[in-house]
Each structure stands twice: as C-alpha cells, then as structure tokens.
Amino acid sequence: MEFRKILPPMLAITALSASSLFAATAYHNQVGFLTKGQKQMAVVGAEGKEIVFKTSSGTEVLKVTAPEAQVWIPAGDTAASLVDFSEIETEGKYQAYIDDEPIGHPITIGDKALEEAGKASIKFFYFQRASTALEEEYAGIYARAAGHPDTAVKYHPSTGKTDTEATFNGAKGWYDAGDYGKYIVNSGISTYTLLQLYQQNKEYYDTLKLNIPESNNEIPDLLDEIRWNLDWMLTMQDDDGGVFHKLTTKQFAGTIMPAKATAQRFAIGKGIEASWDFAGVVALASEIYKPYDPEFAQKCIDAAQKARNWALTHPYDIYEQPRDVSTGSYTGSVEWASRLWASIEMYRVSGDTSVINEVKALPINNKKAALQSWQNNYMLGVFTIATNPDVFDAEKVDSATAIITTMADKYVNSLENNGYGVALDKSDFNWGSNGIAANKGMVLIHAYILTKDEKYLNAARGIVDYILGRNPLDRSYLTGYGVNPTMNPHHRPSQADSIEAPVPGMIAGGPNASATDCAKSYTDANAVAKSYYDNSCSYATNEVAINWNAPFAFVIGSLQAIASTGKSYDIKAPVAAKYELTSIPAARNNIKIAPQASSKRLVLRGKKVQVEYTNRNGIKSYFSISGKKVR
C-alpha cells in the first residue's frame, strides 16, 4: 500500500514547534492547559534543580525548584518530580528549561486550550457513522464513500425469528470500535455518557459547532450527533419490546473501507442486557430531546417502557454468543445494575411509583460500587440519583453522593507521593486502560459537581494530562493532537484509507500489561504504564472504541465548559419533562413468563437447587432461585 504523508493541521503545527521531540525528560500535556487552574509536569532527573519557565520570546516568567522525586508504581522504578507551574495564568506559548536546556515540549496555555481536542473527541463519532458518506466539507481528507446502508438486515436465528429471509431497516448508528459492528450494550453507556455531557453543560454545548452535516439547524451539534446513534438504537427494538443485542456480520470484516465491506449483516440475539441498557438511554433521551422534537421524545419514552416490560417478563433471557458468530460478544453484563439504572432514569422522567418500587428494592451502597463500564452500569444510576435531589428521597441521594465522593477520594488520595500525579494504579492497566482513566475522570467531575471541591477538578485535570502526554511514554493517546500522538491505531478506516495520519480525535486503548497480540513483547509487568505498542496489529493496546472516547469527551469537555462558563451543573435544576407511563407491571414476582423458544427447569447442582435455563441456541445457563446468575 502506498501512503501519502498528510498531517492534520493541529498535528502539523505542534510537530513543527517541538523541541527535543523524543529526548524529553519532562512529561506533560502536549495539547494545552487552561489559563485558570492546576498545571503540572512530571520531570525525571531534576530533583532539587531549578526549573525556569519562559515565554516563546525568551522572557522568564516563573522559577520552580523541582520537589523530591517520587515513584509512581505503574511507571516502574523511574522516579519523577511533580512540578507545579499553576502560577502562570497568561495565555501564550512557554517552554521549561534546566540550565538553559529546554525540557519537555512547548507549553500552550489559553482560555480555550482544551476546546479543539474536546471537539475532536466528539467529532470522532461523526467519523464512525454508518450508512452515510462522509463528505469532504465535513470530513476533509478523511472523506469516504457510504458503507453499510443496513436497510436490509436479516434476523439471525438467535433473535427467535423463524423467517430467515425477512429483513428490517437498521440504518444509521456508530461503528463500535476498530470494526464495523454496532452493539447495543456498548452503545448504551457511550450514548448515555454523551447525553450527560450535554445535560450537565447545556450553556456551553448549545452553541458549540462541530462542523457536521446538521450544524446549520436549530439543534445543538452534540445532540445531532447523538441522534444519529439513537435513531439506529430504536430500529433494534423488536415488535414485542425486546431489543436485539447487536447488528454485525457473522465474522469481522478485513482491513477494508466501509464501502467494500458488503457481507450480509444480521440482528443477532435478543436479551435483557441490551433491553435494560436501551431503556436507560432512551428514557434520558426522552427528556433531553423534548424541547427540540416532542414526537421523537415521546417515541423514546414509549420505547423505554416497552423494553422495560419485556425485560421484566423475560428475566432469564441472557444473551449467549451463537456458535456461528465471531464478532464482539459483549457478554457478562451485571443485569441487575442495568435494571437499576434503567428504572432510575425512567422514574426521573416520569415519577411513576411502579418504577420507584423497583429502585427501592435494589441497593444503593458502597458495597455494590464499581467503576462504570459496559459490563456494569451501577454508577450511571448513582450519578442520576445524586444529581437529582428534588426527584429522589434524601436517604437515596445521600447514599449516592457518598458512593461518588468515597470513590473520588480514593483517587485523590492515590496522588500522594505520586511522581506523575495520575490517579491510576497498577491494576488499571489492562484492556482499555485509557477508558478506565477517563471513567475515573467522570467520577471526579461528578464529585466536583456535588461538592465544588477543587481537589476533584484537579484530579480530573490530571487524568486528561495523562492521556495527552503526562505519561512515561511521552505519548498523546489522542490521534491528531499533541507532539507525539498515536499514529497507528487498530481502526479499519485509518488502516485502509492510504492516509498516513489516522482519523483525528480517537483515544487509543492504551497500555495493557496483559496484551497477548503483537504488543506482547512490549509489555512490562514492572512498568505496566509502558506496556503499549503503537501499531495497528495491536488491538489489545491500540484499538479505538466509542466507550473509551465518550468518557474522555465527557471529562475534557466538562473541564473546558466549566472554564468557559464559570460554573458547573446545577443539581437543583428541575426535570424538564414528565411522562405518564401506562401498563407497567407493578412487581416482577407478579409477572408471568411469556412463551418463548427456550426452556427452564429446576436442577440440583452442588447440593443447591438452581434454575437451568436453555436458550434458543441450546446453550445452558444457571440461576439461583432468586434469579441471580451463577457459574
């Protein structure tokens, strides 16, 4: 393949201005720092030395003595001094020096220093659009022909459909990651995160333009982009209310552009994981879109109700990967956490007492808390309760707030004696470690919203700084941004488009000490934060995914929005929409299980009576009498 050396404008500018590109002893955010707020860099080999900061014209503005060097365990045994230069609050370009020798890269400080990178992290979703051409006006050199119209999607037998020739229109949506599949479970948390980014920063995003085809209408661009995926998600609901698990081919496509990936696409599976996640997302969407499109908003809340009813009446329909399908399985979700989240969202927009009974029956306590991910949506419901004190009872709000601040305090406390100032520990460096980092940032932003304590905002800034360069690899993991960005992500369009620089605005998965692909020889159990290989062959460290980009967009976007507007989300803001729900079952134990092409029976396993459930594919799962899945 012949490559053309083409760099995006941002990358070209920063590359030209870089000094000592690969020999930096100082590691810092390569994109920019906001004028007000914490600014730090990690400097190796500088303990006790004087670091001088100068403007681009050579004027000295600040001297700082590097503090004692500290080891950050994920970086290995190389200690670093965390140097603070927050005193510089004037927009401009700067450089740090030791003994007149420049260290690190040029430093950008500005009121909108994070805006372009934040916009790019959202524009990524435009580049992931299925069923449409990307025009040069909006995509620039990354324009491409339309792929995957998905207007004649077949039903895989795992959906329960018997007509193998029947089709439906499953158009639109975002490609999930480096592949061309569309998955409800991963779309669930990704779409929710972007909806929350808008919900909590309306003033900022109401006017922010992303240069997408819908930019000239009266709807905020962020909502227009999210709508592209919501429209697809709504096509995945079956007539009975259940939601299909994914829309993919049976096997992954090769390294080709979307227009050349023409294999038959299928709706695959139908289960409670997808149905609950779908209900939570479209319930939230019903409130947010009501001022702009009441008909669409009503469609969303009706769909949420149908999905919830189906999930309540099919409690054992856990998705299992069919034997003839090898695309992403997205199995293993914590079903009750998704049910809790969906119920919380539906109660918030309806006030329906039958829904709140479901919430009351499920736990809101620290024992169940786990960082949010597609596998576990528990924290999504916690975020909603804590930020809506006028909707939920005081005890629930207090418990949810305590969960968030306890988790955030743990991250803040981990910064003590931490030479890189990053709230990540050794256990975080597995698949999608940058997504883990960004989701920690999301917890920290919520803690700041609830308490207005600057320590949480500073820790969130540290997460963004880490992803944008304050790491032991001196790497910006955001494609197209920074001096030394990821250049070879596992992303089919970027691999197949004959353009050297990848699509901008994508977050690479990040260091993964458990990588078993071509990055295996780059892993280091003693320095897990260095276990990364910038090569498209490494899906384990260098794939991109919507569920990693979304929380990064949330954190960097929230930081910029708070700086631009001077305020954060008003947790006492009233709910904009109240919907009347009808025909919702009052309690799960009063519901009769609907007939389906599957079976269940009581069996004795390990001296315990359990429910053996056999799905449509003949795959068996086991549950306790109370309904909890067991191995």
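Given the structure is predicted, the values throughout are model-derived calculations rather than measurements.
- Pairs of residues two or more places apart, or lying in two chains, that qualify as salt bridge (charged side-chain N to carboxylate O under 4.0 Å, His left out) and include a residue from residues 523-539 are Arg475-Asp534.
- Take Tyr97 and apply the ring-ring contact (aromatic ring centres under 6.0 Å, His included) test, not counting sequence neighbours, and it matches no residue.
- The OH atom of Tyr522 sits 10.0 Å away from atom OG1 of Thr541, with the distance rounded to the nearest 0.5 Å.
- When side chains are defined from C-beta on, Phe53 does not count as touching Glu87, because their heavy atoms never get closer than 4.5 Å.
- With hydrogens and angles ignored, the 3.5 Å screen pairs no side-chain donor or acceptor of Gln199 with any backbone N or O of Ile288.
- Two residues are said to be in side-chain contact when any heavy atoms from C-beta on lie closer than 4.5 Å; Ile436 and Asn430 meet this criterion.
- With rounding to the nearest 0.5 angstrom, the CG atom of Leu197 is 5.5 Å from the CG atom of Leu222.
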Please evaluate residues Asp474 and Gln30 with respect to the criterion side chain to side chain donor-acceptor pair (under 3.5 Å), reporting the C-alpha separation (whole Å), side-chain torsions for both, the decisive distance (0.1 Å), and the verdict. CA-CA 9 Å; Asp474 191 33; Gln30 299 171 15; 3.3 Å; yes

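- Under the 4.5 Å side-chain criterion, counting only non-hydrogen atoms from C-beta, Tyr180 is in contact with Pro493.
- Aromatic ring pairs are classed by plane angle as parallel below 30°, tilted from 30° to 60° and perpendicular above 60°; the pair Trp72 and Phe429 is perpendicular.
- Taking the side chain as every heavy atom from C-beta outward, Lys567 and Glu203 approach each other to under 4.5 Å.
- Side chain of Tyr142 to main chain of Pro502: a donor-acceptor pair is present (N/O by atom type, distance under 3.5 Å, no hydrogens or angles).
- Taking 4.0 Å as the cut-off between side-chain N and carboxylate O, Lys112 and Glu91 do not count as a salt-bridged pair.
- Ion pairing between Asp100 and Lys54 holds under the 4.0 Å rule for side-chain N and carboxylate O.
- Residues Glu89 and Lys36 form a side-chain contact, since some pair of their non-hydrogen atoms from C-beta on lies under 4.5 Å apart.
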Test side chain to side chain donor-acceptor pair (under 3.5 Å) on Asp517 and Ser538; report intermediate values, then the result. CA-CA 6 Å; Asp517 59 9; Ser538 180; 3.3 Å; yes

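- With respect to Arg129 and Glu214, a salt bridge is recorded, a charged nitrogen being found less than 4.0 Å from a carboxylate O.
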Run the numbers on Leu424 and Ser433 for side-chain contact (heavy atoms from CB on, under 4.5 Å), then give the verdict. CA-CA 9 Å; Leu424 294 173; Ser433 62; over 6 Å; no

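- Note: Arg461 CZ to Arg470 CZ = 11.5 Å, rounded to the nearest 0.5 Å.
- Here Tyr126 pairs with nothing under the ring-ring contact (aromatic ring centres under 6.0 Å, His included) rule; sequence neighbours left out.
- Residue pairs satisfying the ring-ring contact (aromatic ring centres under 6.0 Å, His included) criterion with at least one member in residues 208-228, sequence neighbours excluded, are absent.
- Although no hydrogens or angles enter the test, the distance criterion places no donor-acceptor pair under 3.5 Å between the side chain of Thr486 and the main chain of Leu478.
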Criterion side-chain contact (heavy atoms from CB on, under 4.5 Å) on Leu208 and Glu115, from CA distance to verdict: CA-CA 10 Å; Leu208 192 71; Glu115 185 162 281; 3.9 Å; yes

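- The closest donor-acceptor contact from the side chain of Asn549 to the backbone of Gly505 lies under 3.5 Å.
- With sequence neighbours excluded, no residue forms a ring-ring contact (aromatic ring centres under 6.0 Å, His included) with Phe552.
- In terms of the side chain to side chain donor-acceptor pair (under 3.5 Å) criterion, residue partners of Arg227 (sequence neighbours excluded) are, by chain and number, Asp231, Asp293.
- The ring-ring contact (aromatic ring centres under 6.0 Å, His included) test applied to Tyr138 returns no partner, not counting sequence neighbours.
- Counting heavy-atom neighbours within 6.0 Å of Glu416 CD, excluding the residue itself, gives a total of 12 or less.
- Within the 4.5 Å cutoff, the side chain of Val31 has no heavy atoms near those of the Val464 side chain.
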Check the pair Asn201 / Ser558 against side-chain contact (heavy atoms from CB on, under 4.5 Å), numbers first and verdict last. CA-CA 7 Å; Asn201 301 284; Ser558 295; 3.5 Å; yes

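- A donor-acceptor pair under 3.5 Å links the side-chain atoms of Lys440 to the main chain of Ala423, judged by distance alone.
- Judged purely by distance below 3.5 Å, without hydrogens or angles, the side chains of Tyr198 and Glu225 never pair a donor atom with an acceptor atom.
- With sequence neighbours left out, the side chain to side chain donor-acceptor pair (under 3.5 Å) criterion links Thr191 to Asn229.
- For residues 441-546, the set of pairs meeting the disulfide bond (SG atoms under 2.5 Å apart) definition, not counting sequence neighbours, comprises Cys518-Cys537.
- The structure places CG of Asn512 at 10.5 Å from OH of Tyr539, a figure rounded to the nearest 0.5 Å.
- Side chain of Glu543 to main chain of His490: no donor-acceptor pair is present (N/O by atom type, distance under 3.5 Å, no hydrogens or angles).
- Screening residues 450-479 for ring-ring contact (aromatic ring centres under 6.0 Å, His included) gives Tyr477-Tyr532 as the qualifying pairs, with residues at least two apart or on separate chains.
- In terms of modelled atom types and a separation under 3.5 Å, the side chain of Ser190 and the main chain of Ala550 share no donor-acceptor contact.
- To the nearest 0.5 Å, atom CG of residue Asn526 and atom CD1 of residue Ile73 are 11.0 Å apart.
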Taking it one step at a time, do Asp221 and Ser215 satisfy side chain to side chain donor-acceptor pair (under 3.5 Å)? CA-CA 6 Å; Asp221 280 10; Ser215 287; 2.7 Å; yes

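- Listed by chain and number, the residues in a salt bridge (Lys or Arg N to Asp or Glu O under 4.0 Å) with Lys260 amount to none (sequence neighbours excluded).
- Residue Lys182 holds its NZ atom at 11.5 Å from CG of Asp176, rounded to the nearest 0.5 Å.
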Step-by-step side-chain contact (heavy atoms from CB on, under 4.5 Å) determination, Ile546 to Phe124: CA-CA 9 Å; Ile546 58 175; Phe124 159 77; 3.9 Å; yes

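- Counting heavy-atom neighbours within 6.0 Å of Asp99 CG, excluding the residue itself, gives a total of 12 or less.
- Each of Met41, Lys93, Lys39, Gln95 was scored for a side-chain contact (heavy atoms from CB on, under 4.5 Å) with Ile107, with one residue passing: Met41.
- Considering only residues two or more places apart in sequence or on other chains, Tyr175 meets the side chain to side chain donor-acceptor pair (under 3.5 Å) condition with His148.
- Panel note: side chain Ser373, backbone Gln375; a donor-acceptor pair is recorded below 3.5 Å.
- Under the 3.5 Å distance criterion, the side-chain polar atoms of Glu135 are left unmatched by any main-chain donor or acceptor of Gly140.
- Under the 3.5 Å distance criterion, the side-chain polar atoms of Lys123 are matched with a main-chain donor or acceptor of Asn211.
- Separation of the Tyr94 and Phe85 ring centroids does not fall under the 6.0 Å cut-off.
- Side-chain contact check for Asn542 versus Tyr533: every heavy-atom pair is 4.5 Å or farther apart.
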